[in-house]
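Computed from a predicted model, the values in this text were never measured in an experiment. Just so it is clear: chains get the letters A, B, ... in the order the sequence lines come, proteins before strands, and each one is counted from 1. Computed from heavy atoms alone, side chains included, the values below leave out hydrogens, waters and symmetry copies.
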There are 2 protein chains.
Amino acid sequence: MALAEAILVCLTDRPMSGYDLAKTFDASIGFFWRASHQQVYRELAKLRERGLVKSSEIEQSGKPNRIVHTITTAGKNALKSWSQKPSRVPSVKDELLVKLYALEHVDIPALREQLEVRLDHHRAILNAYHKIKERFYDGKDLTISEQGKHIALTMGIRSEKEMIKSYEEALVMLGQVGS
Amino acid sequence: MALAEAILVCLTDRPMSGYDLAKTFDASIGFFWRASHQQVYRELAKLRERGLVKSSEIEQSGKPNRIVHTITTAGKNALKSWSQKPSRVPSVKDELLVKLYALEHVDIPALREQLEVRLDHHRAILNAYHKIKERFYDGKDLTISEQGKHIALTMGIRSEKEMIKSYEEALVMLGQVGS
DNA sequence: AACCCATATGCACATAATTGCATAGTTAAA
DNA sequence: TTTAACTATGCAATTATGTGCATATGGGTT
């Protein structure tokens with residue numbers, strides 16, 4: 001399971017609390033691997049047990065104390081050996097495509113609306129990607145670490161653009177159905 | 001959960017056994033919603049309990065008996081009302097992108113190989129899509145049901161093509177890393 | 001004053017998915 | 001002749017995810 005490794009990857013950047021990690025999984029690395037805060041906290045406990053991170057509580061007044069997690073040497077080794085194992089093809093599960101596939105048995109106006117919603121979603125993500133790209137990567141000398149993130153981002157941008165075109169095309173094709 | 005509905009969609013085409021369904025989830029509808037045979041059998045039991053399919057055993061000599069499942073009127077109604085509910089955005093979980101993202105902490109030759117494997121995978125799927133498109137949809141008058149499948153297939157083809165380009169580009173960019 | 005939002009961590013329960021196993025006959029290839 | 005692949009269904013155990021809740025405080029809005 002790669003949630004563990006995704007967390008370790010985040011911690012190579014800097015030590016973080018569960019709360020920080022949960023936010024990260026809602027943005028940057030979350031573009032490639034999604035996780036909720038409950039998943040993050042549970043996985044952190046396991047990582048600590050396995051000795052891949054070490055955790056220390058930091059006193060705060062007012063707010064609850066932060067527990068900050070740091071990747072250990074064992075954690076870095078685990079990342080390296082994970083990187084050598086084959087990566088699974090992510091399994092496709094898209095209700096919207098199933099609905100399109102089942103066009104005859106479906107409420108078409110409702111489906112059109114869902115396609116519009118999905119379209120907006122991908123436009124928003126593309127926008128977010130573009131902003132990150134401009135802000136952090138365009139016209140700069142990149143370190144190896146930044147180059148990796150830049151490549152991943154570039155792939156994301158391409159795929160979002162294409163999904164947008166796909167959904168637009170699907171809406172056009174849907175408009176012609178039955179005619 | 002849409003596994004139930006994906007099964008019902010398959011059964012609108014014709015009554016099928018669990019085995020037939022499992023094969024279908026490895027091809028056609030499986031391009032949009034993946035499921036293993038264990039998942040299919042378990043879900044069929046639930047669908048039968050809920051009265052959305054009815055099942056009848058067919059005697060066979062030699063092979064084990066087939067249990068053939070037919071969608072009921074309640075099942076068709078369930079499909080219609082499902083189609084009106086909003087569709088979830090599929091949650092992204094791609095180890096390979098996480099590895100790219102974590103380039104600095106990763107074995108790069110191993111990563112290149114995994115990208116090649118992924119590339120082959122998407123080329124194979126694109127090929128399968130093209131064959132289906134030619135065989136069943138190109139240059140034909142399509143029923144509404146076929147139009148839906150055709151739109152879904154067209155989206156699949158576009159996205160596979162683009163993923164192939166993405167991975168090719170990533171390999172080129174990886175080749176320049178550090179230089 | 002009442003309400004929501006952000007910070008911060010986590011339990012408990014429920015649902016979903018994966019992995020490995022079990023059974024059992026037929027057909028075709030090595 | 002053994003081996004493997006295909007047909008056909010399913011249980012058990014484990015792992016992964018999702019949903020709802022619980023707690024605690026400060027700051028800003030209505």
Side-chain angles (χ1 to χ4, degrees), chain A residues 1-7 10-11 15-27 30 33-50 53 55-69 82 85-95 98, chain B residues 1-7 10 15-27 30 32-50 53 55-69 82 85-95 98:
Chain A
M1 201 247 336
L3 173 57
E5 286 84 5
I7 289 175
C10 294
L11 295 181
M16 280 195 242
S17 69
Y19 189 78
D20 295 335
L21 281 164
K23 276 193 297 181
T24 306
F25 275 91
D26 231 49
W33 195 280
R34 283 250 146 224
S36 65
H37 86 269
Q38 294 90 341
Q39 252 180 297
V40 169
Y41 282 113
R42 244 174 320 184
E43 199 61 39
L44 277 170
K46 286 186 206 164
L47 286 169
R48 197 169 43 218
E49 262 179 55
R50 291 165 62 198
V53 305
S55 314
S56 58
E57 200 162 348
I58 290 176
E59 300 275 331
Q60 294 193 134
S61 56
K63 293 170 219 164
N65 292 344
R66 286 164 60 83
I67 298 171
V68 172
H69 310 274
W82 163 73
K85 280 184 227 147
S87 303
R88 288 206 185 165
V89 180
S91 88
V92 194
K93 266 166 215 276
D94 193 336
E95 285 189 75
V98 175
Chain B
M1 201 245 339
L3 173 57
E5 286 84 5
I7 289 175
C10 294
M16 281 195 242
S17 69
Y19 188 79
D20 295 334
L21 281 163
K23 277 193 297 180
T24 306
F25 275 91
D26 231 50
F32 315 116
W33 194 281
R34 285 250 145 222
S36 65
H37 85 269
Q38 295 90 338
Q39 255 179 296
V40 168
Y41 282 112
R42 243 175 318 172
E43 198 61 40
L44 277 170
K46 286 187 206 163
L47 285 170
R48 197 169 43 218
E49 263 179 52
R50 292 165 61 198
V53 304
S55 314
S56 58
E57 201 162 348
I58 290 176
E59 301 276 328
Q60 293 193 135
S61 56
K63 295 169 216 164
N65 292 342
R66 287 162 59 82
I67 298 171
V68 173
H69 310 272
W82 163 72
K85 280 185 228 147
S87 304
R88 288 205 187 166
V89 180
S91 88
V92 194
K93 265 167 215 279
D94 192 337
E95 284 189 75
V98 175

### Message
Just the rounded figure in Å: distance from C1' of C:dT9 to CG of A:L44.
### Response
11 Å
### Query
Mind checking what makes side chain to side chain contact (heavy atoms under 4.5 Å, CB included) contact with A:S36, not counting sequence neighbours?
A:Q38, A:Q39
#### Entry: Sequence-aligned protein contact record of nucleotides 12-24 of chain C, with B where the base is within under 4.0 Å of a protein heavy atom and S where only the sugar-phosphate is
----SBBBB----
### Message
List the residues meeting salt bridge (Lys or Arg N to Asp or Glu O under 4.0 Å) with A:R66, not counting sequence neighbours, and say none if there are none.
### Response
A:D20
## Note on the structure
Separation of D:dT9 atom C1' from B:D20 atom CG, nearest Å, is 12 Å
### Query
Between C:dT9, D:dG10, D:dC6, which one does the side chain of B:Y41 approach most closely?
D:dG10
### Query
How close or far is atom P of C:dT7 from atom CD1 of A:I67, stated in whole angstroms?
17 Å
#### Entry: Atom-pair distance (CD1 on A:I7; C1' on C:dT9), nearest Å
14 Å
### Message
Minimum heavy-atom separation for A:W33 and A:F25, please, with both atom names.
### Response
O-CD2, 3.2 Å
### Message
Could you work out how much the helix from C:dA1-D:dT30 to C:dA30-D:dT1 bends, comparing the axis of its first five pairs with that of its last five, to 10°?
### Response
30°
## Note on the structure
To the nearest angstrom, the CD-C1' distance between A:E57 and C:dA8 comes to 11 Å
### Task
State which residues pass ring-ring contact (aromatic ring centres under 6.0 Å, His included) with B:F32; sequence neighbours excluded, sorted by chain then number.
A:Y101
### Residues that A:E59 engages under side chain to side chain donor-acceptor pair (under 3.5 Å), provided they are two or more places apart
none
### Task
Could you tell me whether the phosphate oxygens of D:dT9, OP1 or OP2, come under 4.0 Å of any side-chain nitrogen or oxygen in B:Y19?
no
### Message
Taking side chain to side chain donor-acceptor pair (under 3.5 Å) as the definition, give me every residue that meets it alongside B:E95, ordered by chain and number, with sequence neighbours left out.
### Response
A:W82
### Message
Nearest whole Å is fine: how far is C:dT7 C1' from A:I58 CD1?
### Response
14 Å
### Task
Please list, chain by chain and in numerical order, all residues satisfying salt bridge (Lys or Arg N to Asp or Glu O under 4.0 Å) with A:R42, sequence neighbours excluded.
none
#### Entry: Ion pair A:D26/A:R34, N-O distance below 4.0 Å
yes
#### Entry: For atom NZ of B:K23 and atom P of D:dA5, their distance in whole Å
16 Å
#### Entry: Residue list, side chain to side chain contact (heavy atoms under 4.5 Å, CB included) with B:P15, at least two apart or on another chain
B:V68, B:T70
### Task
Send over the distance from B:R66 CZ to D:dG10 P, rounded to a whole Å.
13 Å
